[in-house]
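Everything below concerns the one structure shown next.
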Amino acid sequence: MIALIQRVLSASVSVGEETVGMIGPGLLALVAVQPDDGEAQAKRMLERLLGYRVFADDHGKMNRSLADTGGGLLLVSQFTLAADTRSGMRPSFTRAAPPEHGRRWFERLLELARAVHPGVETGRFGAHMVVRLVNDGPVTFWLDTG
């Protein structure tokens, strides 16, 4: 499982004219499920999303996690993160999970997150989404459970 996380002041995701998820300060996580992902990867990704220290402490150092701050978490499925771009001029998606597998484990990640953290929002799996964000820093990290 892969996530591109961005520390944000705010973020939202819309499908058509409908805003389906919105947070204030916190993390936007674009998430890709890979073919071999399952329960262990979903749990490890959640641990990393909630525990990765990307928020400033009283001394301005990135020493606080999302769990520490209680900020929002916006999870957005994005299979294109798993693209193989090493050759050619067109990405290959063989490293991304098939849609059914991707949906199952993305929704499991969402379920696990909502069980332990307030303010978890999401986009709509498989839909064309418009994501808006105000990146804070900018602070962006690539997380991988593999």
Q: Not counting sequence neighbours, which residues clear ring-ring contact (aromatic ring centres under 6.0 Å, His included) with Phe55? List them please.
A: none
Q) Which residues satisfy the ring-ring contact (aromatic ring centres under 6.0 Å, His included) test with Phe141, sequence neighbours excluded? A) Tyr52
Check: [Y] and [X] side chains under 4.5 Å, non-hydrogen atoms:
X      : Y      : answer
His117 : Leu66  : yes
Leu75  : Val120 : yes
Gln78  : Val131 : no

Can you get from [X] to [Y] by hopping between Ile, Leu, Val, Met, Phe, Trp and Tyr side chains that sit under 4.5 Å apart?
X      : Y      : answer
Trp142 : Met62  : no
Phe106 : Leu73  : yes
Phe79  : Leu143 : no
Phe125 : Leu49  : yes

With sequence neighbours excluded, what pairs up with [X] under the side chain to side chain donor-acceptor pair (under 3.5 Å) test?
X     : value
Ser65 : Asp68
Arg86 : Asp84
Glu39 : Arg108
Asn63 : Arg53, Asp57

For the pair [X] (side chain) and [Y] (backbone), establish whether a donor and an acceptor sit closer than 3.5 Å, ignoring hydrogens and angles.
X      : Y     : value
Arg132 : Ser12 : no
Ser14  : Gly16 : no
Thr122 : Val76 : no

Atom [atom1] in [X], atom [atom2] in [Y]: separation rounded to 0.5 Å?
X      : Y      : atom1 : atom2 : result
Ile5   : Thr140 : CD1   : OG1   : 8.5 Å
Arg44  : Leu109 : CZ    : CG    : 13.0 Å
Leu46  : Glu111 : CG    : CD    : 11.0 Å
Gln41  : Thr145 : CD    : OG1   : 5.0 Å
Arg48  : Asp144 : CZ    : CG    : 8.0 Å
Trp105 : Leu112 : CH2   : CG    : 9.0 Å

Q: May I ask you to list the residues sharing a hydrophobic cluster with Met22, side-chain cutoff 4.5 Å, ordered by chain and number?
A: none
Q) Tracing side-chain links under 4.5 Å among I, L, V, M, F, W and Y, which residues wind up in one group with Leu9? A) Val134
Q: Taking side-chain contact (heavy atoms from CB on, under 4.5 Å) as the test, write out the residues that go with Ala127, two or more places apart.
A: Val15, Arg124, Met129
Q.
The criterion is side-chain contact (heavy atoms from CB on, under 4.5 Å); which residues satisfy it with Thr85, sequence neighbours excluded?
A. Ala83, Pro91
**Q.** Shortest non-hydrogen contact from Gly126 toward Ser77
**A.** N-OG, 4.1 Å
Below 3.5 Å, can you tabulate the donor-acceptor pairs from side chains in residues 24-37 to any protein atom, sequence neighbours excluded?
| unit_1 | atom_1 | unit_2 | atom_2 | d |
| --- | --- | --- | --- | --- |
| Asp37 | OD1 | Met1 | N | 2.9 |
| Asp37 | OD2 | Met1 | N | 2.7 |
| Asp37 | OD2 | Gln34 | N | 2.8 |

Q.
Once salt bridge (charged side-chain N to carboxylate O under 4.0 Å, His left out) is applied, do any residues pair with Arg103, and if so which ones, sequence neighbours excluded?
A. Glu107
